[in-house]
Amino acid sequence: MSYPYQIKSLETYQQEYRKSTDNPEAFWEQIGQHFEWKKPFEKTLEWDFLEGKTEWYLGGQLNITENALDRHVATQPDAIALVWEPNHPDAATRSFTYRELQHRVMQLGHVLKKKGIGKGDRVCIYMGMVPELAIAVLACARIGAVHSVIFGGFSAQSIADRIQDAQASAVITCDGAARGAKDIPLKSVVDEALLQCPSVHSVIVLAHTQSPCNMFAGRDFWWANEIAEIEKAGSPFLPAEAMDSEDPLFILYTSGSTGKPKGVVHSTAGYMVWAAYTFVNVFQYQPGQIHFCTADIGWITGHSYIVYGPLLAGGTSLMFEGIPTYPDAGRFWEIVEKHRVNILYTAPTAIRSLMGFGTEPIEGKDLSSLRVLGSVGEPINEEAWHWYDEHIGKRNSPIVDTWWQTETGGILISNLAGVTPSKPAFATLPLPGVQPVLVDEHGHEIEGNGVSGNLCIRFPWPGIIRTTYGDHERCKSTYFSVYPNLYFTGDGCLRDENGNYRITGRVDDVLNVSGHRIGTAEVENAINAHTGVVESAVVGFPHEVKGQGIYAYVIYQGQHHDDELTKRDILATVSKVIGPIAKPDKIQFVSGLPKTRSGKIMRRILRKIADGELENLGDTTTLLDPLVVDEIKDGRISG
Ligand code: WT7
């Protein structure tokens, strides 16, 4: 496998960048030629940002699994596609060659087809980090079904909301998931969700943790039994469904500033090209290298850089079931040593949490195989950047700080490892095809260097969001109407004297907690679901490990004799409604919230108080009840 589109020098980067902006169509037409098409595309691009519409590679037909699997089975069938490291270090590692992975994907594809699932049908996948999760994703793609992976930490209610929104007809799940010392009973969570989901007719259940589960006759089927049937029939080759370039590949739900997560839709050809192009260039992947992305496949990072990117490149992707601190804080380093990992891609929150254990867990671990380190999900602070560089990379592995979003499909702004310069805490330069613009609040472009503003993108790239499922208006209004003719990212950003970009964080009501995106409105809705809660307001505050923590101001009118007990109950409610990742770090009971006369909560004030910034709260005289601010200041929860 060679990568004709891999950029190997700074000069080439500059040339390619220029080509990609001078004539984007010609640029991406040429890159598109490096993939396998069932029918060649006729037109490279059609777009209209005013309508929030982009189409790439029009008229073409393809299947992403032919590009991610079949192509490599033809040339390197025995190369390792996937390595799986279990939660517990004493359990057995599993690995899959391209031939084996293709075989298993086709088997599950047959199973899904037997259940009546076909092109365009939505399949919800709710599993732990087992190889069968990657197989399930690819089996959907093989038959043209649209996968919607839901992170294994979400609650039954969150699953139900997503299944209903997508009108999914099937669910693929596990009996349970092993994460650290915990055993999470996934199937029973699915059962609870499905009470509200009449669209689901089939559930495929993988036995993994052997935790007890109910199997409903006619609806639930054991994965192994279904595969055995396919084997009895001789496991025939399963031809890949022919997909139009713009047929949807997957839906992935993500949080916005409203209470309802939206289903970000990515389509087949553009996403494929973007995942492969960014993977090969940002990480400078070389054939045979071991790529270890520590994300969960339930997030976009796992979609693009555990499953699709590495496999499209014919690479070896390492998938880890567990968490960085189990059985101890040396687990990542042990995995790097054991599997001779070459590329490690993780989140600042993981780095900061491991920093807290000092260097003892690293001592004696051979990290000499590492070539490239990556960071994703939130701004990386300089301290964490330097620790990563010094203690993990031994000042010998470039760090790529990769900025992107669920909506962008793949990385948009990042240095290219060892090819373009890095700068601590800066994502640095846009990839070819990406045209960043900074604007002020009126949408006026801020030109020149040494400036900051809201980050927008002026021109489509192949991996851009196509729509929000079932509600294109929402896609238009969220991303394309805020500043006409621009894609709005929701992020604040500064551009230094040399044109390097540093993303400073969200400018909307979206929090980034440990790299997880959570809408403040969603958390408020969940808190308000608790009996006795009258109203709540949620803001973020700087958190040493998580990046941002969740601070909730709650008006409570129920019986509450014991604050701590009530807080615990509220946390339990939030876990139940969204999932444990959305639990507030701090809850302060208040008698009122700072509101304008028109009833709008002044979050700016609440954010400052949560921050510990008690002076300079700005003008509070326009508030309905200015006195409430003093009460809130007095009751602030510190620490
Ligand atoms: C938001 C997107 C990108 C995949 C994982 C998160 C923040 C992401 C960086 C970075 C600073 C970053 C942004 C963005 N973000 N990467 N390298 N530096 N901020 O995907 O859940 O869609 O969240 O994460 O605020 O908008 P997501």
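As the structure lists them, so they are numbered: ligands from 1, and atoms in each ligand from 1. Because the structure is a prediction, the values reported are computed rather than measured.
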Candidate list Leu354, Thr346, Leu370, test side-chain contact (heavy atoms from CB on, under 4.5 Å), partner Ile392, passing option: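 Among Leu354, Thr346, Leu370, the one that satisfies the side-chain contact (heavy atoms from CB on, under 4.5 Å) with Ile392 is Leu370.
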Looking at Tyr253, I'd like to know if the NZ or CZ of Lys262 sits under 6.0 Å from its six-membered ring centre while staying within 45 degrees of the ring's axis.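 Here Lys262 fails the 6.0 Å and 45° test against Tyr253.
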Tell me, please, whether Phe154 has Arg162 positioned over its six-membered ring: NZ or CZ under 6.0 Å from the ring centre and within 45 degrees of its axis?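 Geometry flag: set, cation within 6.0 Å and 45°.
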Would you say the side chain of Pro421 lies within less than 4.5 Å of the side chain of Leu10, judging by non-hydrogen atoms?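 Yes, at least one pair of side-chain atoms sits under 4.5 Å.
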So Phe480 and Phe49, would you call those rings parallel, tilted or perpendicular, with 30° and 60° as cut-offs?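 Ring orientation, 0 to 90° scale: tilted.
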Would you call the rings of His147 and Tyr308 parallel, tilted or perpendicular if under 30° counts as parallel and over 60° as perpendicular?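 Answer is parallel, since the angle falls under 30°.
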What residues come within 4.0 Å of ligand 1, counting heavy atoms only?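 Correct list: Ile300, Thr301, Val376, Gly377, Glu378, Pro379, Asp401, Thr402, Trp403, Trp404, Gln405, Thr406, Asp491, Ile503, Arg506, Asn512, Arg517.
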